[in-house]
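First comes the structure, then the notes that go with it.
Computed from a predicted structure; not experimentally measured.
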Amino acid sequence: MSKKIFYKWLFCAITVGLVLIIALLMGWPDKIVVFSLITAAAISFWITDALPGTLVGMILPPVYIVCQVATPAQVLAPWAASMCWLVLGGVILSTMMDKCGVSRRIALWALNKSGASLKRLFWGLMLAGFLIAPFVPTAMGKAALFVVILGGICSTLQLQPGSREASCIFICGLLALACPKFLFFTASVDSSLLITTARQHGMDVGWMQYFIANAIPGLIYAIACVLLLILFAPQSGRDFGAYVKKEYNSLGPMNIREKKALGVLGLVTLAMLTDSWHGLDIGWLIMLISALCFMPGINLLAGRDMATLPLGIVFFIAGCMSIGSAAYAAGIDRIIIESTAEMFQGAPGMGMLLEAFLAGAGMSLGFTTLPAVSTMTPALTQSALAAGPHGHALLYAFLYGADQYLLPYVFAPALYFYAYGYMNFKHYLGYQGLKLVLSAIILIAVAMPWWLFIFSGK
(Lines give C-alpha, C1' and ligand atoms only; values in the text may rest on other atoms or scores of the structure.)
Protein backbone atom coordinates (compact mmCIF):
# COMPACT_ATOMS: atom_id res chain seq x y z
CA MET A 1 0.00 0.00 0.00
CA SER A 2 1.39 3.39 -1.01
CA LYS A 3 1.58 6.29 1.42
CA LYS A 4 -1.02 8.19 -0.58
CA ILE A 5 -3.56 5.37 -0.27
CA PHE A 6 -2.70 4.90 3.42
CA TYR A 7 -3.33 8.57 4.19
CA LYS A 8 -6.64 8.48 2.33
CA TRP A 9 -7.90 5.58 4.44
CA LEU A 10 -6.45 7.13 7.58
CA PHE A 11 -8.43 10.30 6.90
CA CYS A 12 -11.61 8.24 6.46
CA ALA A 13 -10.97 6.33 9.68
CA ILE A 14 -10.30 9.52 11.66
CA THR A 15 -13.45 11.17 10.25
CA VAL A 16 -15.66 8.21 11.17
CA GLY A 17 -13.98 8.01 14.58
CA LEU A 18 -14.67 11.69 15.31
CA VAL A 19 -18.30 11.25 14.32
CA LEU A 20 -18.56 8.23 16.65
CA ILE A 21 -17.08 10.22 19.55
CA ILE A 22 -19.47 13.11 18.95
CA ALA A 23 -22.43 10.72 18.69
CA LEU A 24 -21.56 9.04 22.00
CA LEU A 25 -20.99 12.33 23.79
CA MET A 26 -24.29 13.73 22.48
CA GLY A 27 -26.21 10.58 23.35
CA TRP A 28 -27.73 10.11 19.90
CA PRO A 29 -30.21 7.22 19.37
CA ASP A 30 -28.68 4.04 17.97
CA LYS A 31 -30.28 4.36 14.52
CA ILE A 32 -28.97 7.92 14.12
CA VAL A 33 -25.51 6.84 15.24
CA VAL A 34 -25.43 4.07 12.62
CA PHE A 35 -26.73 6.45 9.93
CA SER A 36 -24.13 9.07 10.85
CA LEU A 37 -21.24 6.60 10.74
CA ILE A 38 -22.28 5.17 7.37
CA THR A 39 -22.84 8.62 5.88
CA ALA A 40 -19.58 10.00 7.27
CA ALA A 41 -17.72 7.04 5.74
CA ALA A 42 -19.40 7.56 2.35
CA ILE A 43 -18.62 11.28 2.29
CA SER A 44 -15.04 10.58 3.33
CA PHE A 45 -14.67 8.15 0.45
CA TRP A 46 -16.03 10.77 -1.94
CA ILE A 47 -13.67 13.42 -0.56
CA THR A 48 -10.54 11.28 -0.77
CA ASP A 49 -11.53 9.03 -3.67
CA ALA A 50 -10.36 6.12 -1.52
CA LEU A 51 -13.06 4.12 -3.26
CA PRO A 52 -14.60 4.94 -6.66
CA GLY A 53 -17.39 7.48 -6.20
CA THR A 54 -19.85 5.50 -8.31
CA LEU A 55 -19.18 2.35 -6.29
CA VAL A 56 -19.86 4.22 -3.05
CA GLY A 57 -23.13 5.49 -4.49
CA MET A 58 -24.13 1.98 -5.54
CA ILE A 59 -23.38 0.27 -2.22
CA LEU A 60 -24.71 3.02 0.04
CA PRO A 61 -28.42 2.01 -0.23
CA PRO A 62 -27.73 -1.70 0.51
CA VAL A 63 -25.56 -0.73 3.49
CA TYR A 64 -28.38 1.38 4.93
CA ILE A 65 -30.77 -1.55 4.42
CA VAL A 66 -28.49 -4.24 5.88
CA CYS A 67 -27.74 -2.05 8.91
CA GLN A 68 -31.51 -1.52 9.37
CA VAL A 69 -31.32 2.25 9.13
CA ALA A 70 -34.27 2.19 6.73
CA THR A 71 -36.41 -0.24 4.77
CA PRO A 72 -35.72 -1.04 1.10
CA ALA A 73 -38.84 0.91 0.10
CA GLN A 74 -37.54 3.99 1.92
CA VAL A 75 -33.92 3.87 0.74
CA LEU A 76 -34.76 2.99 -2.87
CA ALA A 77 -37.53 5.60 -3.12
CA PRO A 78 -35.37 7.83 -5.40
CA TRP A 79 -35.76 5.27 -8.19
CA ALA A 80 -39.53 5.70 -8.01
CA ALA A 81 -39.23 9.50 -8.33
CA SER A 82 -38.34 11.36 -11.51
CA MET A 83 -34.84 12.50 -10.55
CA CYS A 84 -32.87 9.45 -11.69
CA TRP A 85 -34.88 9.28 -14.89
CA LEU A 86 -34.33 12.98 -15.52
CA VAL A 87 -30.59 12.43 -15.25
CA LEU A 88 -30.75 9.27 -17.38
CA GLY A 89 -32.63 11.17 -20.08
CA GLY A 90 -30.06 13.95 -19.81
CA VAL A 91 -27.24 11.43 -20.20
CA ILE A 92 -28.83 10.12 -23.40
CA LEU A 93 -29.38 13.64 -24.75
CA SER A 94 -25.83 14.75 -23.91
CA THR A 95 -24.44 11.61 -25.62
CA MET A 96 -26.56 12.40 -28.67
CA MET A 97 -25.44 16.04 -28.69
CA ASP A 98 -21.80 15.00 -28.42
CA LYS A 99 -22.06 12.34 -31.12
CA CYS A 100 -23.86 14.68 -33.52
CA GLY A 101 -21.44 17.51 -32.76
CA VAL A 102 -24.19 19.96 -31.85
CA SER A 103 -22.78 20.57 -28.33
CA ARG A 104 -19.40 21.52 -29.76
CA ARG A 105 -21.04 23.71 -32.41
CA ILE A 106 -23.10 25.60 -29.82
CA ALA A 107 -20.09 26.12 -27.55
CA LEU A 108 -17.72 27.23 -30.32
CA TRP A 109 -20.38 29.50 -31.85
CA ALA A 110 -20.79 31.31 -28.54
CA LEU A 111 -17.02 31.59 -28.09
CA ASN A 112 -16.54 32.80 -31.67
CA LYS A 113 -19.09 35.55 -31.11
CA SER A 114 -17.43 36.70 -27.90
CA GLY A 115 -14.22 38.04 -29.47
CA ALA A 116 -10.53 37.55 -28.85
CA SER A 117 -9.63 39.06 -25.47
CA LEU A 118 -9.52 37.20 -22.19
CA LYS A 119 -12.36 39.31 -20.80
CA ARG A 120 -14.59 38.72 -23.81
CA LEU A 121 -13.70 35.03 -23.73
CA PHE A 122 -15.26 34.85 -20.26
CA TRP A 123 -18.55 36.20 -21.63
CA GLY A 124 -18.43 33.71 -24.48
CA LEU A 125 -17.93 30.80 -22.10
CA MET A 126 -20.85 31.94 -19.96
CA LEU A 127 -23.05 32.29 -23.05
CA ALA A 128 -22.08 28.78 -24.15
CA GLY A 129 -23.01 27.46 -20.71
CA PHE A 130 -26.46 29.08 -20.83
CA LEU A 131 -27.12 27.76 -24.33
CA ILE A 132 -26.26 24.17 -23.45
CA ALA A 133 -27.46 24.07 -19.83
CA PRO A 134 -31.24 23.60 -20.22
CA PHE A 135 -30.78 20.42 -22.22
CA VAL A 136 -28.04 18.67 -20.24
CA PRO A 137 -28.75 18.39 -16.49
CA THR A 138 -25.60 16.37 -15.80
CA ALA A 139 -22.79 18.78 -14.98
CA MET A 140 -20.15 16.16 -15.74
CA GLY A 141 -21.51 15.76 -19.28
CA LYS A 142 -21.06 19.49 -19.84
CA ALA A 143 -17.72 19.43 -18.00
CA ALA A 144 -16.37 16.80 -20.41
CA LEU A 145 -17.21 19.10 -23.32
CA PHE A 146 -15.84 22.25 -21.71
CA VAL A 147 -12.60 20.74 -20.46
CA VAL A 148 -11.60 19.80 -24.02
CA ILE A 149 -12.25 23.32 -25.30
CA LEU A 150 -10.63 25.03 -22.29
CA GLY A 151 -7.61 22.73 -22.41
CA GLY A 152 -7.31 23.36 -26.14
CA ILE A 153 -7.28 27.13 -25.63
CA CYS A 154 -4.65 26.93 -22.89
CA SER A 155 -2.48 24.53 -24.91
CA THR A 156 -2.71 26.53 -28.15
CA LEU A 157 -1.82 29.77 -26.38
CA GLN A 158 0.95 27.96 -24.47
CA LEU A 159 -0.39 28.99 -21.07
CA GLN A 160 1.53 27.44 -18.22
CA PRO A 161 -0.45 25.01 -16.04
CA GLY A 162 -1.28 26.77 -12.78
CA SER A 163 -0.85 30.26 -14.24
CA ARG A 164 -3.40 32.87 -13.24
CA GLU A 165 -4.69 33.11 -16.82
CA ALA A 166 -5.18 29.36 -17.15
CA SER A 167 -6.79 29.13 -13.72
CA CYS A 168 -9.26 31.91 -14.54
CA ILE A 169 -10.23 30.29 -17.84
CA PHE A 170 -11.06 27.04 -16.06
CA ILE A 171 -12.84 28.89 -13.22
CA CYS A 172 -15.00 30.60 -15.84
CA GLY A 173 -15.82 27.16 -17.24
CA LEU A 174 -17.11 26.17 -13.80
CA LEU A 175 -19.22 29.32 -13.61
CA ALA A 176 -20.67 28.50 -17.03
CA LEU A 177 -21.66 25.06 -15.71
CA ALA A 178 -23.09 26.23 -12.38
CA CYS A 179 -24.78 29.62 -12.91
CA PRO A 180 -27.49 28.54 -15.39
CA LYS A 181 -29.19 26.46 -12.69
CA PHE A 182 -30.44 29.68 -11.12
CA LEU A 183 -32.60 30.23 -14.21
CA PHE A 184 -33.41 26.63 -15.18
CA PHE A 185 -33.60 24.07 -12.38
CA THR A 186 -33.18 21.30 -14.97
CA ALA A 187 -29.76 22.72 -15.84
CA SER A 188 -28.04 21.04 -12.90
CA VAL A 189 -28.41 17.90 -10.85
CA ASP A 190 -28.32 19.69 -7.48
CA SER A 191 -31.07 22.17 -8.40
CA SER A 192 -33.13 19.35 -9.93
CA LEU A 193 -32.62 17.34 -6.74
CA LEU A 194 -33.71 20.33 -4.64
CA ILE A 195 -36.99 20.70 -6.55
CA THR A 196 -37.62 16.94 -6.76
CA THR A 197 -37.06 16.46 -3.02
CA ALA A 198 -39.29 19.44 -2.26
CA ARG A 199 -42.04 17.86 -4.38
CA GLN A 200 -41.67 14.58 -2.52
CA HIS A 201 -42.33 16.45 0.72
CA GLY A 202 -45.39 18.35 -0.47
CA MET A 203 -44.10 21.50 -2.18
CA ASP A 204 -44.80 21.59 -5.90
CA VAL A 205 -42.54 23.86 -7.96
CA GLY A 206 -42.96 23.98 -11.75
CA TRP A 207 -40.27 24.76 -14.30
CA MET A 208 -41.85 28.08 -15.33
CA GLN A 209 -42.63 29.02 -11.73
CA TYR A 210 -38.98 28.49 -10.81
CA PHE A 211 -37.86 30.48 -13.86
CA ILE A 212 -40.06 33.47 -13.03
CA ALA A 213 -38.82 33.55 -9.44
CA ASN A 214 -35.13 33.22 -10.31
CA ALA A 215 -34.51 34.53 -13.85
CA ILE A 216 -33.74 38.14 -12.92
CA PRO A 217 -31.64 37.53 -9.77
CA GLY A 218 -30.00 34.50 -11.42
CA LEU A 219 -28.96 36.47 -14.49
CA ILE A 220 -27.60 39.32 -12.37
CA TYR A 221 -25.74 36.76 -10.26
CA ALA A 222 -24.11 35.24 -13.35
CA ILE A 223 -23.10 38.65 -14.69
CA ALA A 224 -21.69 39.66 -11.31
CA CYS A 225 -19.64 36.44 -11.09
CA VAL A 226 -18.08 37.11 -14.51
CA LEU A 227 -17.35 40.75 -13.62
CA LEU A 228 -15.66 39.56 -10.42
CA LEU A 229 -13.57 37.10 -12.46
CA ILE A 230 -12.56 39.90 -14.86
CA LEU A 231 -11.28 41.91 -11.90
CA PHE A 232 -9.58 38.83 -10.46
CA ALA A 233 -7.90 37.83 -13.75
CA PRO A 234 -4.60 39.33 -14.94
CA GLN A 235 -4.59 41.99 -17.63
CA SER A 236 -3.81 40.03 -20.78
CA GLY A 237 -3.16 41.04 -24.36
CA ARG A 238 -3.28 37.48 -25.68
CA ASP A 239 -5.40 36.74 -28.74
CA PHE A 240 -7.79 33.87 -28.05
CA GLY A 241 -9.80 34.48 -31.18
CA ALA A 242 -7.53 32.70 -33.65
CA TYR A 243 -7.91 29.29 -31.99
CA VAL A 244 -11.68 29.57 -31.55
CA LYS A 245 -12.24 30.90 -35.07
CA LYS A 246 -10.15 28.10 -36.57
CA GLU A 247 -12.04 25.42 -34.65
CA TYR A 248 -15.43 26.95 -35.43
CA ASN A 249 -14.69 27.28 -39.16
CA SER A 250 -13.54 23.67 -39.26
CA LEU A 251 -17.08 22.58 -38.38
CA GLY A 252 -18.44 23.52 -41.79
CA PRO A 253 -22.18 23.95 -42.51
CA MET A 254 -24.75 22.32 -40.26
CA ASN A 255 -25.59 18.79 -41.44
CA ILE A 256 -28.90 16.95 -41.31
CA ARG A 257 -28.01 15.10 -38.10
CA GLU A 258 -27.33 18.36 -36.28
CA LYS A 259 -30.65 19.75 -37.53
CA LYS A 260 -32.45 16.67 -36.24
CA ALA A 261 -30.66 17.06 -32.90
CA LEU A 262 -31.79 20.68 -32.64
CA GLY A 263 -35.34 19.48 -33.39
CA VAL A 264 -35.18 17.05 -30.46
CA LEU A 265 -33.82 19.81 -28.21
CA GLY A 266 -36.67 22.02 -29.39
CA LEU A 267 -39.14 19.43 -28.09
CA VAL A 268 -37.35 19.46 -24.73
CA THR A 269 -37.61 23.25 -24.63
CA LEU A 270 -41.32 23.11 -25.50
CA ALA A 271 -41.95 20.55 -22.76
CA MET A 272 -40.21 22.79 -20.21
CA LEU A 273 -42.03 25.97 -21.23
CA THR A 274 -45.47 24.33 -21.11
CA ASP A 275 -45.10 22.35 -17.88
CA SER A 276 -47.69 24.52 -16.10
CA TRP A 277 -50.15 23.62 -18.88
CA HIS A 278 -49.59 19.87 -19.24
CA GLY A 279 -48.78 19.28 -15.54
CA LEU A 280 -46.33 16.45 -16.24
CA ASP A 281 -43.00 16.14 -14.47
CA ILE A 282 -40.22 17.20 -16.82
CA GLY A 283 -38.13 14.18 -15.76
CA TRP A 284 -40.52 11.72 -17.37
CA LEU A 285 -40.83 13.85 -20.51
CA ILE A 286 -37.06 14.22 -20.99
CA MET A 287 -36.69 10.46 -20.67
CA LEU A 288 -39.40 9.87 -23.29
CA ILE A 289 -38.05 12.55 -25.65
CA SER A 290 -34.53 11.13 -25.36
CA ALA A 291 -35.90 7.78 -26.60
CA LEU A 292 -36.79 9.49 -29.89
CA CYS A 293 -33.06 9.59 -30.68
CA PHE A 294 -33.19 5.84 -31.38
CA MET A 295 -36.33 5.89 -33.55
CA PRO A 296 -36.28 5.03 -37.30
CA GLY A 297 -36.10 8.16 -39.41
CA ILE A 298 -34.35 10.06 -36.63
CA ASN A 299 -31.46 7.64 -35.98
CA LEU A 300 -29.36 10.01 -33.90
CA LEU A 301 -28.31 7.10 -31.67
CA ALA A 302 -28.08 3.35 -32.22
CA GLY A 303 -28.44 0.39 -29.90
CA ARG A 304 -24.66 0.06 -29.58
CA ASP A 305 -24.53 3.59 -28.11
CA MET A 306 -26.30 2.30 -25.00
CA ALA A 307 -23.05 0.58 -24.02
CA THR A 308 -21.23 3.92 -24.07
CA LEU A 309 -23.65 5.83 -21.83
CA PRO A 310 -21.98 7.06 -18.61
CA LEU A 311 -24.58 5.44 -16.38
CA GLY A 312 -22.37 5.68 -13.31
CA ILE A 313 -23.65 9.21 -12.66
CA VAL A 314 -27.20 7.84 -12.30
CA PHE A 315 -26.16 5.39 -9.58
CA PHE A 316 -24.03 8.07 -7.92
CA ILE A 317 -27.02 10.42 -7.77
CA ALA A 318 -29.34 7.65 -6.52
CA GLY A 319 -26.81 6.94 -3.77
CA CYS A 320 -26.67 10.61 -2.80
CA MET A 321 -30.46 10.81 -2.75
CA SER A 322 -30.61 7.73 -0.54
CA ILE A 323 -28.83 9.77 2.15
CA GLY A 324 -31.88 12.00 2.39
CA SER A 325 -34.24 9.02 2.42
CA ALA A 326 -32.20 7.27 5.11
CA ALA A 327 -31.92 10.48 7.14
CA TYR A 328 -35.69 10.80 7.01
CA ALA A 329 -36.14 7.18 8.13
CA ALA A 330 -33.60 7.57 10.94
CA GLY A 331 -35.26 10.74 12.21
CA ILE A 332 -32.46 13.14 11.28
CA ASP A 333 -34.94 15.42 9.53
CA ARG A 334 -36.94 15.78 12.74
CA ILE A 335 -33.81 16.78 14.64
CA ILE A 336 -32.92 19.35 11.98
CA ILE A 337 -36.49 20.65 11.90
CA GLU A 338 -36.55 20.98 15.69
CA SER A 339 -33.15 22.70 15.78
CA THR A 340 -34.11 25.07 12.98
CA ALA A 341 -37.79 25.50 13.89
CA GLU A 342 -37.21 28.80 15.64
CA MET A 343 -34.75 29.95 12.99
CA PHE A 344 -37.14 29.30 10.09
CA GLN A 345 -40.44 30.15 11.74
CA GLY A 346 -42.98 32.56 10.27
CA ALA A 347 -42.98 34.38 6.95
CA PRO A 348 -39.44 34.46 5.53
CA GLY A 349 -37.82 37.86 5.94
CA MET A 350 -34.33 38.87 4.89
CA GLY A 351 -32.80 37.58 8.13
CA MET A 352 -34.31 34.12 7.72
CA LEU A 353 -33.30 33.92 4.05
CA LEU A 354 -29.74 34.90 4.95
CA GLU A 355 -29.70 32.12 7.54
CA ALA A 356 -30.82 29.63 4.85
CA PHE A 357 -28.00 30.91 2.63
CA LEU A 358 -25.45 30.47 5.43
CA ALA A 359 -26.81 26.98 6.14
CA GLY A 360 -26.20 26.03 2.50
CA ALA A 361 -22.72 27.56 2.51
CA GLY A 362 -21.88 25.83 5.79
CA MET A 363 -23.08 22.42 4.62
CA SER A 364 -21.10 22.80 1.39
CA LEU A 365 -17.91 22.70 3.46
CA GLY A 366 -18.64 19.34 5.05
CA PHE A 367 -20.77 17.70 2.35
CA THR A 368 -20.52 17.29 -1.36
CA THR A 369 -23.31 19.22 -3.05
CA LEU A 370 -25.83 16.43 -3.61
CA PRO A 371 -25.72 14.97 -0.07
CA ALA A 372 -26.01 18.51 1.35
CA VAL A 373 -29.11 19.22 -0.72
CA SER A 374 -30.55 15.76 -0.09
CA THR A 375 -30.07 16.05 3.68
CA MET A 376 -31.25 19.60 4.23
CA THR A 377 -34.12 19.98 1.75
CA PRO A 378 -36.75 17.90 3.65
CA ALA A 379 -36.37 20.07 6.74
CA LEU A 380 -36.36 23.28 4.73
CA THR A 381 -39.45 22.16 2.83
CA GLN A 382 -41.40 21.62 6.05
CA SER A 383 -40.50 25.12 7.21
CA ALA A 384 -41.26 26.52 3.76
CA LEU A 385 -44.71 24.88 3.67
CA ALA A 386 -45.53 26.37 7.06
CA ALA A 387 -44.46 29.79 5.82
CA GLY A 388 -46.90 29.80 2.90
CA PRO A 389 -46.15 31.20 -0.58
CA HIS A 390 -43.07 33.01 0.69
CA GLY A 391 -41.58 29.67 1.71
CA HIS A 392 -40.21 28.94 -1.77
CA ALA A 393 -37.61 31.64 -1.15
CA LEU A 394 -36.07 29.52 1.63
CA LEU A 395 -35.19 26.79 -0.86
CA TYR A 396 -33.75 29.26 -3.35
CA ALA A 397 -31.63 31.02 -0.71
CA PHE A 398 -30.28 27.66 0.43
CA LEU A 399 -29.36 26.81 -3.18
CA TYR A 400 -27.32 30.01 -3.45
CA GLY A 401 -25.47 28.98 -0.31
CA ALA A 402 -24.84 25.46 -1.61
CA ASP A 403 -23.33 27.00 -4.76
CA GLN A 404 -20.23 28.10 -2.81
CA TYR A 405 -17.64 25.52 -3.87
CA LEU A 406 -14.83 26.64 -1.58
CA LEU A 407 -13.14 23.24 -1.90
CA PRO A 408 -13.02 21.44 -5.27
CA TYR A 409 -14.21 18.09 -3.93
CA VAL A 410 -17.71 19.40 -3.13
CA PHE A 411 -18.48 19.91 -6.85
CA ALA A 412 -17.54 17.04 -9.17
CA PRO A 413 -16.75 19.25 -12.22
CA ALA A 414 -14.50 21.43 -10.04
CA LEU A 415 -12.57 18.34 -8.99
CA TYR A 416 -12.47 17.18 -12.61
CA PHE A 417 -11.21 20.56 -13.83
CA TYR A 418 -8.66 20.75 -11.02
CA ALA A 419 -7.35 17.28 -11.87
CA TYR A 420 -6.81 18.43 -15.48
CA GLY A 421 -3.75 20.34 -14.24
CA TYR A 422 -4.29 23.90 -15.42
CA MET A 423 -6.08 25.29 -12.37
CA ASN A 424 -4.01 26.44 -9.38
CA PHE A 425 -5.62 25.77 -5.99
CA LYS A 426 -4.49 29.14 -4.60
CA HIS A 427 -6.21 30.97 -7.48
CA TYR A 428 -9.29 28.75 -7.19
CA LEU A 429 -9.67 29.30 -3.43
CA GLY A 430 -8.99 33.04 -3.76
CA TYR A 431 -11.74 33.52 -6.31
CA GLN A 432 -14.25 31.28 -4.51
CA GLY A 433 -13.69 33.22 -1.27
CA LEU A 434 -14.46 36.49 -3.05
CA LYS A 435 -17.45 34.88 -4.75
CA LEU A 436 -18.87 33.87 -1.36
CA VAL A 437 -18.90 37.53 -0.29
CA LEU A 438 -20.32 38.60 -3.66
CA SER A 439 -23.08 35.97 -3.43
CA ALA A 440 -24.19 37.29 -0.04
CA ILE A 441 -24.31 40.82 -1.44
CA ILE A 442 -26.34 39.77 -4.51
CA LEU A 443 -28.66 37.75 -2.29
CA ILE A 444 -29.36 40.69 0.03
CA ALA A 445 -29.45 43.45 -2.58
CA VAL A 446 -31.20 41.68 -5.47
CA ALA A 447 -32.57 38.18 -4.88
CA MET A 448 -34.27 38.66 -1.51
CA PRO A 449 -36.16 41.84 -2.44
CA TRP A 450 -37.24 40.23 -5.71
CA TRP A 451 -38.52 37.06 -4.01
CA LEU A 452 -40.36 39.02 -1.33
CA PHE A 453 -41.94 41.14 -4.07
CA ILE A 454 -42.90 38.17 -6.27
CA PHE A 455 -44.37 36.03 -3.51
CA SER A 456 -46.22 38.93 -1.88
CA GLY A 457 -48.29 39.26 -5.05
CA LYS A 458 -47.55 42.97 -5.38
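Residues Gly173 and Leu125 approach most closely at N-CD1, 4.4 Å, considering heavy atoms. The shortest non-hydrogen separation linking Ser439 to Gln404 is OG-NE2, 3.1 Å. Of all heavy-atom pairs spanning Cys100 and Leu300, the tightest one is SG-CD2, 3.6 Å. Heavy-atom minimum distance, Cys172 versus Leu229: CB-CD2, 3.4 Å. Closest approach of Val33 to Ala23, counting heavy atoms only: CG2-CB, 3.8 Å. Between Ile444 and Pro449, the shortest heavy-atom contact is O-CD, 3.2 Å.
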Worked verdict on Asn424 versus Tyr428 for side-chain contact (heavy atoms from CB on, under 4.5 Å):
CA-CA 6 Å; Asn424 182 287; Tyr428 174 86; over 6 Å; no
Lys435/Cys225 under side-chain contact (heavy atoms from CB on, under 4.5 Å): CA gap, chis, key distance, verdict
CA-CA 7 Å; Lys435 177 173 168 283; Cys225 287; 4.0 Å; yes
Please report the C-alpha distance between Met287 and Ile92 in whole Å, then the side-chain angles of each, then the deciding distance to 0.1 Å, and finally whether the side-chain contact (heavy atoms from CB on, under 4.5 Å) criterion is met.
CA-CA 8 Å; Met287 185 65 224; Ile92 295 174; 3.8 Å; yes
Show, in sequence, the C-alpha distance, side-chain angles and deciding distance for Tyr431 and Cys168, and conclude whether the side-chain contact (heavy atoms from CB on, under 4.5 Å) test is met.
CA-CA 9 Å; Tyr431 176 79; Cys168 288; over 6 Å; no
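Side-chain atoms of Lys260 come within 3.5 Å of backbone atoms of Gly297 as a donor-acceptor pair (strictly under, hydrogens ignored). No donor-acceptor pair closer than 3.5 Å links the side chain of Arg257 to the backbone N or O of Lys99. Of the possible polar contacts, none joining the Ser167 side chain to the His427 backbone as a donor-acceptor pair under 3.5 Å is found. The backbone N or O of Thr71 lies less than 3.5 Å from a partner atom in the side chain of Gln74, making a donor-acceptor pair. Between the Trp451 side chain and the Asn214 main chain, no donor and acceptor come within less than 3.5 Å of each other.
For the pair Ser36/Thr39, no side-chain contact is recorded, criterion being any heavy-atom separation below 4.5 Å from C-beta on. Residues Leu60 and Tyr64 are in side-chain contact: their nearest non-hydrogen atoms beyond the backbone lie under 4.5 Å apart. In this structure, the side chains of Phe294 and Met306 come closer than 4.5 Å at one or more pairs of heavy atoms. Contact check for Leu76 versus Ser322: no side-chain heavy atoms found under the 4.5 Å cut-off. Under the 4.5 Å side-chain criterion, counting only non-hydrogen atoms from C-beta, Lys31 is not in contact with Val34. The shortest distance between side-chain heavy atoms of Phe315 and Leu55 does not fall below 4.5 Å. Considering only heavy atoms from C-beta on, Tyr400 comes within 4.5 Å of Pro217 through its side chain. You'll find the side chain of Tyr221 stays beyond 4.5 Å of the side chain of Leu175, heavy atoms only.
Rounding to the nearest 0.5 angstrom, the gap separating the CG atom in Leu309 from the OG1 atom in Thr95 is 4.5 Å.
Ring centroid separation for the pair Phe357 and Phe398 does not come in under the 6.0 Å cut-off. When ring centroids are compared, Phe45 and Trp9 come within the 6.0 Å threshold. Two rings, from Tyr396 and Trp450, have their centers 6.0 Å or more apart.
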